[in-house]
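Bear in mind that the values here come from a model prediction, so they are computed numbers and not experimental data.
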Amino acid sequence: MTDTVLIAGAGPTGLALAIHLALHDIPVRLIDAAPTPATTSRALGLQPRGAEVLERIGALGDLRERSQTSLTMSYNEGSKTVLRFQVGDAVADQPKQTLLISQAEIEGTLRERLAGLGGDVEWDTRLVTAEQDGTGVTATVRSADGAERELRAGWLIGCDGAHSMVRKLAGIAFPGRSLIERLLMVDVRAAWPFDRNGSTTWMEAGHMLSVTALPGDTWRVFTEPPPGLPEHLTEDEITDRVLKEFSHRSGVGLDTVTEVRWASEFRIHRRLAEAYRRGRMLLAGDAAHIQSPTGGQGQNTGLGDAENLAWKLVLVVRGRADQRLLDTYEGERRPLARNVLRATSTAVDIMLPHTAWKRLLRDRVVLPVFRLPAVQRRLWLAASQLGISYRGGPLAPASHRWSPGPRPGDRMPDIRCTELDGEPVTLHAALSGRWAVVAGDRRQAVRHAEAAAAQLGADLVVPLVRAQGTSDEVVLVRPDGHVGWRGGPAPDRLTAWLNQVLWPA
């Protein structure tokens, strides 16, 4: 079927994309090569932007209640703490907080939401080949018993991670470099004397060892192994190496370890796909970009990819927009990924210097600056991704940098509004994958919503009235919470902007 979307990869990005599409009755098939859902995960953090994405599609569930939010990050040289980030204190006045919770828990909540919309995951189903033509993609998939079958879809989306088969089949290069060649990691249950509201990291001799508290008296420990360590270690060998290094760095004995829950190794790379689209094949999440886990950016960037791509794909599949709208997905999201890669790589280079002069620079210049509360606040706001803007991008090329208030391309604050029947609602809660027209009074909200609905479809537009303020300005908010169009009451100008976006000349 040419309106079916085939998604490879049922991690957070693939699940969020499937939910977005299912909300608007777009047929979706979601496949994953794994035999069952993951019960362990590398990613731990859900930044405010990622939580917003889940909230807008009704998939946040009780994750906020089950997460840690008052986070502290301590960095040690030997027994001395040289830097402490009081993440929770620095942004206590913010309505949205960073959530510390396992990716496996997030995926579970996403699967529940998808099931509630009538969707599911086809496990043990591996993408083997795919060929595209002018109307769709013919994919061959293989099940666990070796049986192969063909699937026909209008679009194939690769959310299948760093080793993406979709990316390879599309012929998209994935250049980059290693940041830390190798990390060993274990999850253990233990009674350890560390802050359970965050992480403690040792940076001795330029090599990292970090301990992060998880729910249920569990701790995650990961470290760089010494050069020359043999490949393909067993889980017992990884556990032995990591715990011995932990005891050496921390001075804490291992007699309180009661259970080893997981052991693994992986490599950290910085890579960015040269393109996000080849015809009817597109990439999102780790298939398009991978970076250091510093700052918890990978999972959250993938969720943002899913939301940005989804609303554009909905319009194209429904025949409400030209396929060229999908090119703006790369135009908006790839520059963001490049900036995230640069920032996380810089953080690794600063905090884990491998030369004497870099260590001196870190200790004498960087660390004193990082101790300032104002600087910690700015770093959190950057990591939160709440400041993301698409100004100057393909859908907001003329947005002025220094204009007051949110401009086209900016994230619209989650302001208080009322629906047409007077029911109070917050902007982001009202979106739910739709566009919102926000006006100063009911009449203007209705007029402009009707104009937008004529282009987008009535079910994709919600009219809202600002709960505060007297401005007669009208704002058209995209499904991802960014300003699309803004101006004085003028339905014809709103229509002109939508025509330009949906059917570019």
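Atom CZ of Arg126 is surrounded by 12 or fewer heavy atoms from other residues, nucleotides or ligands within 6.0 Å. Heavy-atom contacts from other residues, nucleotides or ligands closer than 6.0 Å to CZ of Arg196 number more than 12.
Ser432 places no side-chain N or O within 3.5 Å of a backbone atom of Ala430 that could act as its donor or acceptor partner. One N or O on the side chain of Thr223 and one on the backbone of Met208 form a donor-acceptor pair closer than 3.5 Å. Asp217 places no side-chain N or O within donor-acceptor distance of the main-chain N or O of Arg189, the cut-off being under 3.5 Å. Using modelled atom types, one side-chain atom of Arg113 and one backbone atom of Ile57 make a donor-acceptor pair closer than 3.5 Å. Side chain of Arg333 to backbone of Thr301: a donor-acceptor contact under 3.5 angstrom is found. In this structure a side-chain-to-backbone donor-acceptor pair under 3.5 Å is missing from Glu107 to Ala104. A donor-acceptor distance shorter than 3.5 angstrom exists from the side chain of Thr234 to the backbone of Glu237, with no hydrogens or angles considered. Using a distance-only test at 3.5 Å, with no hydrogens or angles considered, no donor-acceptor pair links the side chain of Thr218 to the main chain of Leu214.
Considering OH of Tyr276 and CD of Glu332, their distance stands at 12.0 Å, rounded to 0.5 Å. A distance of 13.0 Å separates NZ of Lys244 from NE2 of His248, quoted to the nearest 0.5 Å. Going from atom OG1 of Thr109 over to atom CG of Asp62 covers 6.0 Å, rounded to the nearest 0.5 Å. Interatomic distance, Glu55 CD to Leu63 CG, rounded to the nearest 0.5 Å: 11.5 Å. In this structure, the separation between CG on Leu15 and SG on Cys159 is 9.0 Å, given to the nearest 0.5 Å. Once rounded to the nearest 0.5 Å, the distance linking CG of Leu17 with CG of Leu282 reads 9.5 Å.
With a 4.5 Å cut-off on side-chain heavy atoms, Val314 and Leu21 count as touching. When side chains are defined from C-beta on, Arg261 does not count as touching Trp219, because their heavy atoms never get closer than 4.5 Å. Put simply, the side chain of Arg111 does not reach to within 4.5 Å of the side chain of Asp120, judged on heavy atoms. Counting only heavy atoms from C-beta outward, the side chains of Leu464 and Glu419 approach each other to under 4.5 Å. No side-chain heavy atom of Asn300 sits less than 4.5 Å from a side-chain heavy atom of Arg49. Contact annotation: the side chain of Ile26 approaches that of Val5 to within less than 4.5 Å [non-hydrogen atoms, C-beta and beyond]. At a threshold of 4.5 Å between non-hydrogen side-chain atoms, the residues Thr4 and Leu151 do not count as touching. Contact annotation: the side chain of Met185 never approaches that of Glu265 to less than 4.5 Å [non-hydrogen atoms, C-beta and beyond].
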Result block: side-chain N/O donor-acceptor pairs under 3.5 angstrom for residues 160-168, not counting sequence neighbours:
residue : atom : partner : partner atom : Å
Asp160  : OD1  : Ser164  : OG           : 2.6
Asp160  : OD2  : Ser164  : OG           : 3.4
Asp160  : OD2  : Met165  : N            : 2.9
Asp160  : OD2  : Val166  : N            : 3.2
Ser164  : OG   : Val166  : N            : 3.3
Ser164  : OG   : Arg167  : N            : 2.9
Arg167  : NH1  : Ala162  : O            : 3.3
Arg167  : NH1  : Ala287  : O            : 2.9
Arg167  : NH2  : Ala162  : O            : 2.7

Using the side-chain contact (heavy atoms from CB on, under 4.5 Å) rule, take Trp262 and Val186 through it: C-alpha gap first, then chi angles, then the decisive distance, then the call.
-> CA-CA 5 Å; Trp262 184 46; Val186 297; over 6 Å; no

Arg241 and Glu245: salt bridge (charged side-chain N to carboxylate O under 4.0 Å, His left out), yes or no, with the steps?
-> CA-CA 6 Å; Arg241 288 271 182 178; Glu245 182 67 16; over 6 Å; no

Verdict with supporting geometry, Arg334 and Leu272, side-chain contact (heavy atoms from CB on, under 4.5 Å) = CA-CA 8 Å; Arg334 192 172 183 274; Leu272 179 62; 3.7 Å; yes

Given Arg66 and Ile101, is the side-chain contact (heavy atoms from CB on, under 4.5 Å) satisfied, shown in steps?
-> CA-CA 8 Å; Arg66 291 192 282 130; Ile101 191 167; 4.1 Å; yes

CA sep, side-chain torsions, deciding dist, call: Leu114, Leu30, side-chain contact (heavy atoms from CB on, under 4.5 Å) | CA-CA 10 Å; Leu114 181 61; Leu30 178 57; 3.9 Å; yes

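Nearest heavy-atom pair, Leu303 versus Pro12, reported as atom, atom and distance to 0.1 Å: CD2-O, 3.6 Å. Here the shortest heavy-atom pairing between Leu60 and Leu46 reads CD1-CD2, 4.4 Å. Contact between Leu283 and Ala275 at its shortest, heavy atoms only, is CD1-O, 3.7 Å. Scanning all heavy atoms of the two residues, the minimum distance from Trp192 to Val221 falls at CZ3-CG2, 3.7 Å. Between Ser74 and Thr81, the closest heavy-atom pair is CB-CG2, 4.3 Å. Heavy atoms only, all atoms of each residue included: Leu431 and Pro479 are closest at CD1-O, 3.9 Å.
Using modelled atom types, one finds a donor on one side chain and an acceptor on the other under 3.5 Å when comparing His289 with Asp305. A donor atom on one side chain and an acceptor atom on the other are found under 3.5 Å apart for Asp145 and Ser143. For the residue pair Ser199/Thr212, the side-chain donor-acceptor check at 3.5 Å is not satisfied. A donor atom on one side chain and an acceptor atom on the other are not found under 3.5 Å apart for His482 and Arg411. Using modelled atom types and a 3.5 Å distance limit, the side chains of Ser389 and Asp410 yield a donor-acceptor pair.
Annotation: Trp202 is not in aromatic contact with Phe222 [ring centroid separation under 6.0 Å not met]. Aromatic ring centres of Trp311 and Tyr329: separated by at least 6.0 Å.
Evaluation of the side chain to side chain donor-acceptor pair (under 3.5 Å) test over residues 15-30, restricted to residues two or more places apart or in two chains, returns Arg29-Glu122.
The pair Glu330-Arg277 does not count as a salt bridge, with every side-chain nitrogen at least 4.0 angstrom from each carboxylate oxygen.
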